[in-house]
Amino acid sequence: MAQAETLGGRVVKIADGDTVTILDESNRQHKVRLVGIDAPERKQPFGTVSRQHLADLVFGKTVVVKWQKRDRYQRILGKVLVDGQDVNLEQIKAGLAWHYKQYGKAQQLADRSRYGEA
């Protein structure tokens with residue numbers, strides 16, 4: 001991601017398997033859509049399992065989000081890292097999300113390749 005911005009904070013909410021809310025150090029909330037993946041919605045098959053897996057990975061933890069832009073709902077589109085681990089990729093590896101190729105241009109080339117292979 002050229003000129004990517006970085007956001008740090010604690011995950012305070014998990015909406016579904018690809019969307020979290022982060023509280024930054026100035027107590028501002030930021031809704032983050034995990035870039036490059038798509039996960040089932042809560043009421044779809046495996047939606048609850050996907051959400052729970054994401055919660056197990058990040059809820060209550062301090063994360064770093066590398067991002068470049070926002071979507072039409074003003075959510076940050078970013079790669080979420082916890083202790084250096086790519087959470088977006090972990091959702092794919094667990095079989096609880098898929099690589100969202102339609103928006104692949106928002107990803108670094110290396111991430112696009114890794115997500116596609118997973």
Side-chain angles (χ1 to χ4, degrees):
M1 290 184 218
Q3 300 176 354
E5 293 192 44
T6 302
L7 168 69
R10 186 172 47 89
V11 177
V12 294
K13 182 179 177 186
I14 310 294
D16 54 31
D18 57 29
T19 308
V20 299
T21 301
I22 294 173
L23 188 66
D24 70 16
E25 60 187 30
S26 57
N27 285 327
R28 284 189 54 219
Q29 289 190 3
H30 304 271
K31 200 168 206 178
V32 178
R33 171 77 164 70
L34 280 64
V35 72
I37 73 168
D38 195 18
E41 303 303 320
R42 278 184 175 181
K43 299 196 187 250
Q44 292 177 324
F46 297 97
T48 302
V49 176
S50 179
R51 179 180 180 272
Q52 185 59 53
H53 185 262
L54 182 58
D56 292 344
L57 290 171
V58 299
F59 186 74
K61 296 180 182 174
T62 300
V63 299
V64 172
V65 180
K66 296 192 178 205
W67 68 283
Q68 199 170 12
K69 64 185 222 175
R70 294 178 183 267
D71 68 8
R72 62 183 170 170
Y73 305 109
Q74 294 306 304
R75 297 176 298 190
I76 290 172
L77 298 173
K79 177 166 74 169
V80 177
L81 304 167
V82 62
D83 296 327
Q85 180 182 37
D86 183 343
V87 174
N88 306 33
L89 183 58
E90 291 304 312
Q91 282 290 88
I92 295 172
K93 286 180 176 179
L96 297 169
W98 51 93
H99 184 210
Y100 202 13
K101 296 175 187 170
Q102 179 179 353
Y103 295 103
K105 291 179 184 174
Q107 288 183 283
Q108 287 183 330
L109 184 58
D111 285 344
R112 228 179 309 163
S113 179
R114 271 193 300 276
Y115 289 25
E117 290 171 4

Would W67 and L7 count as a side chain to side chain contact (heavy atoms under 4.5 Å, CB included) here? Give the steps. CA-CA 8 Å; W67 68 283; L7 168 69; 4.0 Å; yes
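- Note that the NZ atom of K31 and the CG atom of D71 stand 9.5 Å from one another [nearest 0.5 Å].
- Under a 3.5 Å cut-off, the side chain of D38 and the backbone N or O of W98 do not form any donor-acceptor pair.
- Pairs of residues two or more places apart, or lying in two chains, that qualify as side chain to side chain donor-acceptor pair (under 3.5 Å) and include a residue from residues 50-63 are S50-Q91, Q52-D56, H53-Q91.
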Check the pair R10, I22 against side chain to side chain contact (heavy atoms under 4.5 Å, CB included), reporting the backbone distance first and the verdict last. CA-CA 5 Å; R10 186 172 47 89; I22 294 173; 5.9 Å; no
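- No path of Ile, Leu, Val, Met, Phe, Trp and Tyr side chains, each step under 4.5 Å between heavy atoms, connects V12 with I14, placing them in separate hydrophobic clusters.
- Across all non-hydrogen atoms, the minimal contact from R70 to Q74 is NH1-O, 3.0 Å.
- The closest side-chain heavy-atom distance from H99 to I92 is below 4.5 Å.
- At least one side-chain heavy atom of R75 sits less than 4.5 Å from a side-chain heavy atom of T19.
- At a threshold of 4.5 Å between non-hydrogen side-chain atoms, the residues V63 and V87 do not count as touching.
- L96 and L34 sit in two unconnected hydrophobic clusters of ILVMFWY residues. Membership requires side-chain heavy atoms under 4.5 Å apart, directly or through other members.
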L54 vs V80, side chain to side chain contact (heavy atoms under 4.5 Å, CB included): CA-CA, chis, key distance, verdict: CA-CA 11 Å; L54 182 58; V80 177; over 6 Å; no
Please evaluate residues V65 and L81 with respect to the criterion side chain to side chain contact (heavy atoms under 4.5 Å, CB included), reporting the C-alpha separation (whole Å), side-chain torsions for both, the decisive distance (0.1 Å), and the verdict. CA-CA 6 Å; V65 180; L81 304 167; over 6 Å; no
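- Here the straight-line distance linking atom CD of Q68 with atom CD1 of I76 works out to 12.5 Å at 0.5 Å rounding.
- The distance from atom CD1 of I37 to atom CG of N88, rounded to the nearest 0.5 Å, is 5.0 Å.
- Each of V82 and L23 belongs to its own hydrophobic cluster when Ile, Leu, Val, Met, Phe, Trp and Tyr are linked at side-chain heavy-atom distances under 4.5 angstrom.
- In plain terms, the two heavy atoms of R28 and H30 that are nearest each other are O-CD2, 3.4 Å.
- A salt bridge is defined here as a Lys NZ or Arg NE, NH1 or NH2 lying under 4.0 Å from an Asp or Glu carboxylate O, and K43 with D16 fails to meet this definition.
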